[in-house]
Amino acid sequence: QVQLVESGGGLVQPGGSLRLSCAASGSIFSINNMGWYRQTPGKQRELVAVISSGGGTNYADSMKGRFTISRDNAKNTVYLQMNSLKPEDTAVYYCFANVRPYYSGTFDSQWGQGTQVTVSS
(Lines give C-alpha, C1' and ligand atoms only; values in the text may rest on other atoms or scores of the structure.)
Protein backbone atom coordinates (compact mmCIF):
# COMPACT_ATOMS: atom_id res chain seq x y z
CA GLN A 1 0.00 0.00 0.00
CA VAL A 2 1.11 3.54 -0.82
CA GLN A 3 -0.37 6.69 0.68
CA LEU A 4 0.00 10.36 -0.22
CA VAL A 5 -0.78 12.89 2.49
CA GLU A 6 -1.09 16.58 1.67
CA SER A 7 -0.85 19.57 3.96
CA GLY A 8 -0.57 23.34 3.80
CA GLY A 9 -3.84 24.47 2.27
CA GLY A 10 -5.98 27.20 3.74
CA LEU A 11 -7.32 30.71 3.34
CA VAL A 12 -5.06 33.47 2.08
CA GLN A 13 -5.59 37.01 0.84
CA PRO A 14 -4.94 37.95 -2.79
CA GLY A 15 -1.24 38.52 -3.32
CA GLY A 16 -0.36 36.19 -0.49
CA SER A 17 1.58 32.94 -0.43
CA LEU A 18 1.05 29.34 0.60
CA ARG A 19 3.25 26.27 0.56
CA LEU A 20 1.73 22.87 -0.03
CA SER A 21 3.44 19.62 0.91
CA CYS A 22 2.72 16.05 -0.09
CA ALA A 23 4.48 13.10 1.49
CA ALA A 24 4.36 9.60 0.02
CA SER A 25 4.71 6.63 2.33
CA GLY A 26 4.30 2.88 2.33
CA SER A 27 5.84 0.12 0.25
CA ILE A 28 7.73 2.42 -2.12
CA PHE A 29 10.55 1.09 -4.25
CA SER A 30 10.86 4.08 -6.57
CA ILE A 31 9.06 7.28 -7.58
CA ASN A 32 9.49 9.01 -10.91
CA ASN A 33 7.23 12.00 -11.60
CA MET A 34 5.48 13.88 -8.81
CA GLY A 35 3.25 16.88 -9.11
CA TRP A 36 0.08 18.78 -8.51
CA TYR A 37 -3.30 19.18 -10.17
CA ARG A 38 -6.17 21.38 -9.11
CA GLN A 39 -9.91 21.29 -9.55
CA THR A 40 -12.81 23.70 -9.08
CA PRO A 41 -16.50 22.75 -9.04
CA GLY A 42 -17.85 22.06 -12.50
CA LYS A 43 -14.44 22.01 -14.13
CA GLN A 44 -12.01 19.31 -15.13
CA ARG A 45 -8.92 18.70 -13.06
CA GLU A 46 -6.05 20.75 -14.52
CA LEU A 47 -2.32 20.30 -14.31
CA VAL A 48 -0.46 22.77 -12.10
CA ALA A 49 3.13 21.50 -12.17
CA VAL A 50 5.17 18.33 -12.52
CA ILE A 51 8.68 17.47 -11.38
CA SER A 52 10.73 14.46 -12.46
CA SER A 53 12.97 12.42 -10.21
CA GLY A 54 15.92 14.30 -11.70
CA GLY A 55 14.40 17.68 -10.93
CA GLY A 56 13.09 18.65 -14.34
CA THR A 57 9.95 20.77 -14.06
CA ASN A 58 6.94 21.68 -16.15
CA TYR A 59 4.27 24.26 -15.31
CA ALA A 60 0.91 25.28 -16.63
CA ASP A 61 1.23 28.65 -18.34
CA SER A 62 -0.93 30.50 -15.81
CA MET A 63 1.32 29.36 -12.94
CA LYS A 64 4.71 30.15 -14.48
CA GLY A 65 6.60 32.75 -12.49
CA ARG A 66 4.26 32.48 -9.51
CA PHE A 67 4.43 28.82 -8.47
CA THR A 68 7.53 26.74 -7.79
CA ILE A 69 7.53 22.97 -7.51
CA SER A 70 10.32 21.11 -5.71
CA ARG A 71 10.90 17.73 -4.15
CA ASP A 72 12.96 15.96 -1.52
CA ASN A 73 13.67 12.48 -2.84
CA ALA A 74 15.01 11.29 0.50
CA LYS A 75 11.66 12.14 2.10
CA ASN A 76 9.48 11.14 -0.89
CA THR A 77 7.93 14.58 -0.60
CA VAL A 78 6.87 17.14 -3.19
CA TYR A 79 6.25 20.81 -2.46
CA LEU A 80 4.39 23.60 -4.19
CA GLN A 81 5.31 27.16 -3.27
CA MET A 82 2.54 29.47 -4.43
CA ASN A 83 3.18 33.21 -4.53
CA SER A 84 1.15 36.17 -5.78
CA LEU A 85 -2.02 34.17 -5.33
CA LYS A 86 -5.16 35.27 -7.14
CA PRO A 87 -8.83 34.52 -6.43
CA GLU A 88 -8.87 32.34 -9.55
CA ASP A 89 -6.29 30.08 -7.90
CA THR A 90 -9.01 28.97 -5.48
CA ALA A 91 -9.40 25.21 -5.90
CA VAL A 92 -8.82 21.84 -4.36
CA TYR A 93 -5.20 20.91 -4.99
CA TYR A 94 -4.31 17.25 -5.46
CA CYS A 95 -0.83 15.82 -5.45
CA PHE A 96 0.14 12.76 -7.41
CA ALA A 97 3.14 10.48 -7.66
CA ASN A 98 4.05 7.77 -10.14
CA VAL A 99 5.13 5.05 -7.75
CA ARG A 100 6.66 1.63 -8.20
CA PRO A 101 5.86 -0.37 -5.07
CA TYR A 102 8.14 -3.14 -3.77
CA TYR A 103 5.49 -5.69 -4.67
CA SER A 104 5.11 -4.61 -8.31
CA GLY A 105 7.33 -4.20 -11.33
CA THR A 106 5.33 -1.33 -12.75
CA PHE A 107 4.70 2.33 -11.92
CA ASP A 108 1.16 3.37 -10.97
CA SER A 109 -0.27 6.82 -10.30
CA GLN A 110 -1.18 7.49 -6.70
CA TRP A 111 -3.21 10.49 -5.53
CA GLY A 112 -3.58 12.47 -2.38
CA GLN A 113 -6.92 13.31 -0.81
CA GLY A 114 -6.82 16.95 -1.86
CA THR A 115 -6.34 20.15 0.10
CA GLN A 116 -8.47 23.28 -0.24
CA VAL A 117 -6.83 26.56 -1.18
CA THR A 118 -9.03 29.64 -0.96
CA VAL A 119 -7.82 33.04 -2.08
CA SER A 120 -10.14 35.74 -0.86
CA SER A 121 -10.13 39.07 0.94
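Along the sequence shown, residues are numbered consecutively beginning with 1.
- Atom SG in Cys95 sits 9.0 Å away from atom CG in Leu20 (nearest 0.5 Å).
- Between the side chain of Gln116 and the main chain of Gly10, no donor-acceptor pair closer than 3.5 Å is present.
- Residues Met82 and Tyr79 do not share a hydrophobic cluster, clusters being chains of Ile/Leu/Val/Met/Phe/Trp/Tyr side chains in contact below 4.5 Å.
- Cluster annotation: Tyr94 is connected to Val50 through the hydrophobic network of ILVMFWY side chains, with a link wherever side-chain heavy atoms come within less than 4.5 Å.
- Looking at Thr90, its side chain does come within 3.5 Å of a backbone N or O of Pro87 through a donor-acceptor pair.
- Shortest non-hydrogen contact noted between Arg71 and Ile31 is NH2-O, 3.6 Å.
- Remark: Lys75 pairs with no residue by the side-chain hydrogen bond (donor to acceptor under 3.5 Å, both in side chains) rule, at least two apart or across chains.
- Cluster annotation: Val92 and Val78 are assigned to distinct hydrophobic clusters (Ile/Leu/Val/Met/Phe/Trp/Tyr, side-chain heavy-atom contacts under 4.5 Å, transitive).
- Heavy atoms only, all atoms of each residue included: Leu85 and Arg66 are closest at CA-NH1, 3.9 Å.
- Note that the CG atom of Asn32 and the CD1 atom of Ile51 stand 12.5 Å from one another [nearest 0.5 Å].
- Pairing each heavy atom of Leu4 with each of Ala24, the nearest pair is CD1-CB, 3.9 Å.
- Cluster annotation: Tyr93 is connected to Tyr59 through the hydrophobic network of ILVMFWY side chains, with a link wherever side-chain heavy atoms come within less than 4.5 Å.
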Verdict with supporting geometry, Leu80 and Phe67, side chain to side chain contact (heavy atoms under 4.5 Å, CB included): CA-CA 7 Å; Leu80 185 68; Phe67 292 8; 4.2 Å; yes
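- A 4.5 Å side-chain heavy-atom check between Trp36 and Met63 finds every atom pair outside the cut-off.
- Neither side chain, Ser52 nor Asn33, offers a donor N or O lying under 3.5 Å from an acceptor on the other.
- Across every non-hydrogen atom of Gln81 and Ser17, the tightest pair is NE2-CB, 3.9 Å.
- Taking OG from Ser121 and CD from Gln13, the interatomic distance works out to 7.0 Å, rounded to the nearest 0.5 Å.
- A salt bridge links Asp61 with Lys64: at least one charged nitrogen is closer than 4.0 Å to a carboxylate oxygen.
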Could you pull out all donor-acceptor pairs under 3.5 Å where a side-chain atom in residues 41-48 meets a protein atom, sequence neighbours excluded?
from	atom 1	to	atom 2	distance (Å)
Glu46	OE2	Arg38	NE	2.6
Glu46	OE2	Arg38	NH2	3.2

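- For the residue pair Ser120/Thr118, the side-chain donor-acceptor check at 3.5 Å is not satisfied.
- Asp108 and Gln110 are not linked by any side-chain donor-acceptor pair at a separation below 3.5 angstrom, with hydrogens and angles left out of the test.
- Interatomic distance, CD of Gln1 versus OG of Ser25, reported as 10.5 Å (0.5 Å rounding).
- Gly9 and Val117 get closest at one heavy-atom pair: CA-CG2, 4.2 Å.
- Taking both residues in full, the closest heavy atoms of Glu6 and Gly114 are given as OE1-N, 2.5 Å, listed atom of the first, atom of the second, then distance.
- Defined by atom type and a distance below 3.5 Å, a donor-acceptor pair is missing between the side-chain atoms of Thr77 and Asp72.
- For the ring-ring contact (aromatic ring centres under 6.0 Å, His included) condition, the pairs that include at least one residue of residues 101-121, sequence neighbours left out, are Phe29-Tyr102, Tyr37-Trp111, Phe96-Trp111.
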